[in-house]
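One-based numbering, in listed order, for ligands and for the atoms of each.
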Amino acid sequence: KDDGLVRTPPMGWMAWERFRCDVDCKDDPENCISEALFRDMADRLYEDGWKELGYEYVIIDDCWMSMERDKEGRLQPDPVRFPGGIAKLANYVHERGLKLGIYADMGTFTCMGFPGTTLDKIQIDAQTFASWGVDYLKFDGCSSNPLVQMLGYPLMSIALNATGRPIVYSCSWPAYLGGLPPFVNYNLMGEICHLWRNYYDIQDSWDSLQAIVDWFFNNQDEIQPAAGPGRWNDPDMLIIGNFGLSMDESRSQMALWAIMAAPLIMSTDLRHLDNGARAILQNKVAIAINQDPLGIQGRRLLKEKSRIEVYWRPLFQSASALVFLSRRTDMPYRYHTSLGKLHYEEGNYEAYDVFTGTTVKGLNSTTEITLSINPSGVVMWYVYPLRKHNHTTDTETLRHHLRKPAEFRFHREK
Ligand SMILES: OC[C@@H]1[C@H](O)[C@H](O)[C@@H](O)CN1C(=S)Nc1ccc(F)cc1
């Protein structure tokens, strides 16, 4: 959507993957879906340096609602778990310079059986959210069908515009249509939504993460061109800080979400986050790559027999992000490479290693480099040409070159 919102991928925190539909505030008050949980996370984003890094949206997911709409037919929060109401929670979040997201479902019920937004309720629900001061809507697609969705998702886009309040619109629509043309028209998606879920939900495991990554890059010819400022593919939440990923696997998710220009929406307990996970989520260079102003989504260039994969994203001012990902589960792998002809630029480069902070100097297209990559891990570089030029490479040129992947030379283990 070209209304000035999310010109770079949204960043923030969302309840679902970590906290699911835990509504038992009697026996599990710390973790149940309640106003206290979202206030706690707003406090953490504000006090622990997340806001300054760009993490600004606090997003409520399923299970926030009362089972009944009010007498005017409006959605209302569960009165026990959200006694102050959503408007008050939005105010709490806004006082900390953050933004509030909420969840609804285009259909009879939400995925967990709470009241859905049927076609006749789209207008009133958009108005309700705007009146509460909501800044972001995740619109799910359970308990409906392709016809209703084809009407409802555009109608909600129009209804949100009509409120006069800037509200980021996240659509689950493609994911319910299988995520690929001809059932999904990504040009249309970019007109209607600011971001969209393409594929299955992420679960707390390396297997789930790999399945999502493989789907996105196996289908990159259809998916990658759809992305740009104000229109983002959404491979789902960051699960870094939870129980399923090792530190190497966590670095891999952060690196790949940076290449994909994916929303950086955490779903973990910011009140109890280990330092390794925090360092990965707060890595300034990975965030800068993700938030690159060109908004060009990266691509997978190579899947090697050695089970090393190479990913590349062109960045502002002829820089590049390069990710070498190991799919191996056996042992660290020493990998020899050279930059080859990066994009279309000749000359000397430097590579900043995003997770170690070291710099590789004096690189040019023939310099031979040896990397040691851990199993399920990554080496991620921010590569920049030494010839400082102030002209910015126009996006179209870059998009053109993206289809012609850079030539890299790779050498097998000596
Ligand atoms: O209930 C909401 C939950 C989260 O919002 C996810 O991000 C959405 O993609 C949908 N969703 C869930 S669990 N959806 C769902 C997942 C599997 C299934 F068999 C039936 C519904």
Side-chain angles (χ1 to χ4, degrees), residues 9-24 31-34 37-38 41 57-67 75 77-78 81-82 86 100-118 125 129 134 136-146 148-149 152-153 156 167-180 183-184 189 193-205 207-209 211-213 215-216 223 232-242 244 253 257 260 262-269:
M11 295 174 64
W13 181 91
M14 181 182 280
W16 181 257
E17 201 290 316
R18 176 59 185 263
F19 296 96
R20 305 278 166 158
C21 197
D22 175 350
V23 293
D24 181 358
N31 302 305
C32 64
I33 302 302
S34 71
L37 180 70
F38 296 97
M41 296 306 163
Y57 289 94
V58 181
I59 307 169
I60 303 168
D61 205 282
D62 207 343
C63 310
W64 64 272
M65 301 167 185
S66 162
M67 280 304 180
L75 289 171
D78 181 280
R81 295 185 284 114
F82 294 83
I86 301 298
L100 183 71
I102 203 160
Y103 168 102
D105 184 294
M106 177 69 251
T108 321
F109 296 104
T110 74
C111 300
M112 300 312 282
F114 291 81
T117 301
T118 46
D125 290 351
F129 298 146
V134 164
Y136 179 115
L137 170 65
K138 171 172 173 178
F139 206 30
D140 206 345
C142 273
S143 73
S144 63
N145 62 63
V148 165
Q149 290 163 357
Y153 277 100
M156 178 53 91
I167 297 177
V168 174
Y169 185 31
S170 167
C171 303
S172 299
W173 190 12
Y176 287 88
L177 299 178
L180 293 175
F183 309 107
V184 178
M189 214 48 69
C193 312
H194 290 110
L195 63 152
W196 47 82
R197 282 278 311 284
N198 308 69
Y199 192 60
Y200 292 126
D201 293 359
I202 199 165
Q203 307 302 334
D204 191 10
S205 75
D207 282 352
S208 168
L209 184 58
I212 289 168
V213 167
W215 186 86
F216 270 79
I223 305 288
W232 307 108
N233 293 301
D234 179 0
D236 216 350
M237 294 158 270
L238 293 169
I239 53 172
I240 298 165
N242 295 328
Q253 184 179 28
W257 263 232
M260 282 195 267
L264 295 181
I265 298 176
M266 304 181 283
S267 190
T268 190
D269 189 343

Ligand-side contact atoms (ligand 1) for residue partner K138, heavy atom cut-off under 4.0 Å: 4 (C), 5 (O), 6 (C), 7 (O)
Any donor-acceptor pair under 3.5 Å linking the side chain of Q253 with the backbone of M237? yes
Looking at ligand 1, does any of its N/O atoms fall within less than 3.5 Å of an N/O of Y176? no
Roughly how far apart are S34 OG and D78 CG, rounded to 0.5 Å? 10.0 Å
D125 side chain vs T117 backbone, donor-acceptor pair below 3.5 Å: no
Step-by-step side chain to side chain donor-acceptor pair (under 3.5 Å) determination, W196 to N233: CA-CA 6 Å; W196 47 82; N233 293 301; 2.8 Å; yes
In ligand 1, which numbered atoms sit nearer than 4.0 Å to a non-hydrogen atom of D61? 2 (C), 4 (C), 5 (O)
To the nearest 0.5 Å, what is the distance between CH2 (W13) and CG (L238)? 13.0 Å
Ignoring hydrogens, just give me the one of D234, T110, D201, D236 whose non-hydrogen atom is nearest atom 9 (O) of ligand 1. D201
Please report whether atom 3 (C) of ligand 1 has a protein non-hydrogen atom at a separation of less than 4.0 Å. yes
Is it the side chain, the backbone, both or neither of D140 that has a heavy atom closer than 4.0 Å to ligand 1? side chain
Sidechain-backbone polar pair: N198 side chain, D234 backbone, donor-acceptor under 3.5 Å: yes
Tell me whether D204 contacts the main-chain N or O of G244 through its side chain, where contact means a donor paired with an acceptor under 3.5 Å. yes
Does W16, backbone or side chain, put an N or O under 3.5 Å from an N or O of ligand 1? no
Look up atom 18 (C) of ligand 1 and tell me if a protein heavy atom lies less than 4.0 Å from it? no
Judged by atom type as modelled, is there a donor-acceptor pair below 3.5 Å linking the side chain of S144 to the main-chain atoms of M106? yes
Using heavy atoms and a 4.0 Å limit, tell me yes or no: is Y103 in contact with ligand 1? yes
For atom 20 (C) of ligand 1, what's the nearest protein heavy atom and its distance? C142 SG, 4.8 Å
Among all protein heavy atoms in this structure, tell me which lies nearest to atom 1 (O) of ligand 1, with the distance rounded to 0.1 Å. D62 OD2, 2.8 Å
Quick check on R197 - does any of its heavy atoms sit under 4.0 Å from an atom of ligand 1? yes
